[in-house]
Amino acid sequence: MWISIKKAKQTESIGHQAQVRGWVRTRRDSKGGFSFIEVNDGSCFGNLQIIADASLSNYESEISTLSVGSSVVITGEIKASQGQGQTTEMVASEVRVTGIASATDYPLQKKQHSFEKLREWAHLRPRTNSFGAVTRVRNRLSYSTHQFFQEEGFVYIHTPIITASDCEGAGQMFRVTTLPLDKLPMRDGKVDMQQDFFGKSAYLTVSGQLEGEVYATAMGKIYTFGPTFRAENSNTTRHLSEFWMIEPEMAFFELADNMNLAERYLKRMIGDCLRDCAEDMAFFDKMIQPGVLAALQVVLDKPFAHLSYTEAVEVLLKSGQKFEYPVHWGADLQAEHERYLTEQHVQGPVILYDYPAAIKSFYMRINDDQRTVRAMDVLVPGIGEIIGGSQREERLDVLIERMKAAGLKEEDYWWYLDLRRYGTVPHAGFGLGLERMIQYVTGMANIRDVIPFPRTPGSAEF
Ligand code: ATP
Ligand code: MN
């Protein structure tokens, strides 16, 4: 019976005949007339040790020269391991080689490669320990997301990837077009967008929020989980041009409910990951970011800190810290400020709220002070902003005023405004960047190393 290596490594498998299929990580030949082959199939961090005896018919011709990266199908009996570091091993009765990886040119030989180098081999890097571990954590966080929201009664909504609503931040959107770039149709000295595929300009989505609000104001509680695109030219360790965002949106939720949900969701993901990816997390703790396990455990045990933007600015001003960008009330907080607040001041996650209206989006609910909006950002150590959200402006007249001030045209948002015309309700939501969450729990320094095929300015290989 074909079983996963994860299963083969469990004590319950001892005494069973089984088959495993995977890729060779190492091979050692013993003078006693047999070889140890370590095989990995991606199901877990650890390899299964195979003992292949010289009496196997293809021992001389194939097994004794098996190279790293070769694919094998192995049948045998699972036994309690005599050796250290593993509980089980398999004594092979058959080792079938399905594909050789040449020992001279397979790039992933036993030596350690830098993450930069491995990015050039994005097609092979999932076969390394680090990327296998990242991939399983990414999978667990995605699964937790669906479990958490489904158990809370949320409805999963698929919002469009191509959007024709000329949304806020059009400057940082990728245009979607079928117009011939070498022969653009012109009208009155401008490109005639009416001749484009959709009869108007279209873009890749930067957020599913506006459409999410449509569904929240019918279904109650919804979430989206999909790819998101930003054409901003930021070459940082926490920005991608294509990333995955989870955006819950809840009717009848106010800012405090929103904050509470964000905290419970983050804790749920961390708890699931610590429990179900223990082996992978132990690797991150040992090799990538010493202390990450203990830090996440503390996060689980403590309520998140809350600070208003105004309080945060006071903390920064009193910090005595030299920042590259000076702080003053009204300034957008930079990564260095966010990291000071979460790493030095709070030493854990912190939710900042009530930001100046001028630095936040038009749809955020304005406070009675008329200067601040009901925004909330969740900041975490090592990353800075991981979640951005708000209570939305549900009052039609106020929203129209805010749009005017932002230079937006009412007719472009007619359907969004209709939500306030017909049965408006207080509502709120937020967006979590999946990759930043993965960075946070794994300690991986560069966001390019937590997504299978990173897209960044100047780079879209694979
Ligand atoms: P930042 O200021 O860090 O660039 P933002 O304020 O532009 O982020 P939002 O529009 O609030 O980001 O998006 C919500 C969440 O999506 C962020 O909190 C972050 O987790 C994630 N995110 C935003 N931009 C990116 C990006 N370019 N790459 C990866 N994740 C991103
Ligand atoms: Mn934000």
Side-chain angles (χ1 to χ4, degrees), residues 138 141-142 145 159 163 167-174 203-210 212 223-249 258-259 262-263 265-266 269 304 309 312 325 331-339 341-342 349-364 373-392 428-442 444-460:
R138 187 180 172 104
L141 296 179
S142 304
T145 294
T159 48
T163 158
C167 218
E168 34 127 24
Q172 46 170 14
M173 296 176 98
F174 288 99
Y203 304 90
L204 292 179
T205 184
V206 294
S207 159
Q209 181 201 317
L210 302 193
Y223 67 108
T224 74
F225 184 0
T228 309
F229 307 87
R230 305 255 170 118
E232 57 198 342
N233 197 6
S234 3
N235 266 298
T236 75
T237 55
R238 42 179 226 147
H239 288 93
L240 289 164
S241 311
E242 177 182 293
F243 64 100
W244 287 68
M245 186 147 66
I246 296 109
E247 293 179 279
E249 188 73 37
N258 205 22
M259 292 179 179
E263 178 169 345
Y265 169 43
L266 292 181
M269 282 192 287
F304 285 11
Y309 168 91
Y325 295 87
D332 208 353
L333 297 184
Q334 303 294 323
E336 55 175 345
H337 308 134
E338 296 178 343
R339 293 189 57 177
L341 291 168
T342 177
V350 55
I351 309 186
L352 298 196
Y353 61 95
D354 285 352
Y355 282 73
I359 58 168
K360 289 288 184 185
S361 300
F362 74 94
Y363 51 71
M364 298 187 180
V373 287
R374 302 246 83 186
M376 58 166 236
D377 279 5
V378 182
L379 316 180
V380 296
I383 311 281
E385 179 185 332
I386 196 167
I387 281 181
S390 66
Q391 183 175 337
R392 321 304 188 187
F430 61 81
L432 168 77
L434 176 65
E435 287 76 18
R436 289 201 190 164
M437 183 63 190
I438 302 169
Q439 282 188 280
Y440 179 45
V441 300
T442 61
M444 291 291 285
N446 197 312
I447 198 165
R448 294 169 176 84
D449 299 328
V450 298
I451 187 165
F453 303 101
R455 273 82 180 93
T456 50
S459 167

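Quick note: numbers below take in every heavy atom, side chains included, and nothing from hydrogens, waters or symmetry partners. Sequence positions, counted from 1, serve as the residue numbers for this chain. As the structure lists them, so they are numbered: ligands from 1, and atoms in each ligand from 1.
Closest to atom 19 (C) of ligand 1, if we only count protein heavy atoms, is R436 NH1, 3.5 Å. Counting only heavy atoms of the protein, atom 15 (C) of ligand 1 lies nearest to G431 O, 3.6 Å. Looking only at protein heavy atoms, the nearest one to atom 20 (O) of ligand 1 is I386 O, 2.7 Å. Nearest to atom 18 (O) of ligand 1 among the protein's heavy atoms is E385 OE2, 2.7 Å. In terms of protein heavy-atom proximity, atom 4 (O) of ligand 1 is closest to H239 NE2, 2.6 Å. Scanning the protein for heavy atoms near atom 16 (O) of ligand 1, the closest one is M245 SD, 3.4 Å. The protein heavy-atom contact nearest to atom 27 (N) of ligand 1 is L240 O, 3.0 Å.
Between the side chain of Q391 and the main chain of R374, no donor-acceptor pair closer than 3.5 Å is present.
In this structure, S241 and F174 approach most closely via the heavy-atom pair O-CE1, 3.8 Å. Residue R436 comes nearest to I386 through the heavy atom pair O-CD1, 3.8 Å, listed as atom of the first residue, atom of the second, then distance. Here the closest heavy-atom approach between residue Y309 and residue D354 is recorded as CB-O, 3.3 Å. Taking both residues in full, the closest heavy atoms of S390 and N258 are given as O-ND2, 3.4 Å, listed atom of the first, atom of the second, then distance.
Not a single N/O/S atom of D377, whether from backbone or side chain, sits less than 2.8 Å from the Mn ion (ligand 2).
None of T224, T205, T228, V206 except one satisfies the side-chain contact (heavy atoms from CB on, under 4.5 Å) rule with M245; the exception is T228.
Shown in contact with I387 at under 4.0 Å from a heavy atom are these atoms of ligand 1, numbered in order with element: 18 (O). In summary, the atoms of ligand 1 found under 4.0 Å from a heavy atom of E232, numbered by their order in the structure, are 27 (N). Contact atoms of ligand 1 toward I447: 29 (C) (distance under 4.0 Å to a heavy atom of the residue).
Rounded to the nearest 0.5 Å, atoms CZ (F362) and CZ (R392) are 10.5 Å apart. Annotation: the span from L240 atom CG to R448 atom CZ amounts to 7.5 Å, rounded to 0.5 Å. The CD1 atom of I387 sits 11.5 Å away from the CE atom of M259 when rounded to the nearest 0.5 Å.
Under a 4.0 angstrom heavy-atom cut-off, R238 registers as being in contact with ligand 1. At least one heavy atom of R230 lies less than 4.0 angstrom from ligand 1.
Ion pairing between a basic and an acidic side chain is recognised when a charged N comes within 4.0 Å of a carboxylate O; R238 and E435 show no such pairing.
For the pair F243 and ligand 1, the shortest N or O to N or O distance does not fall below 3.5 Å.
As for E385, its N/O/S atom nearest the Mn ion (ligand 2) is the one called OE2.
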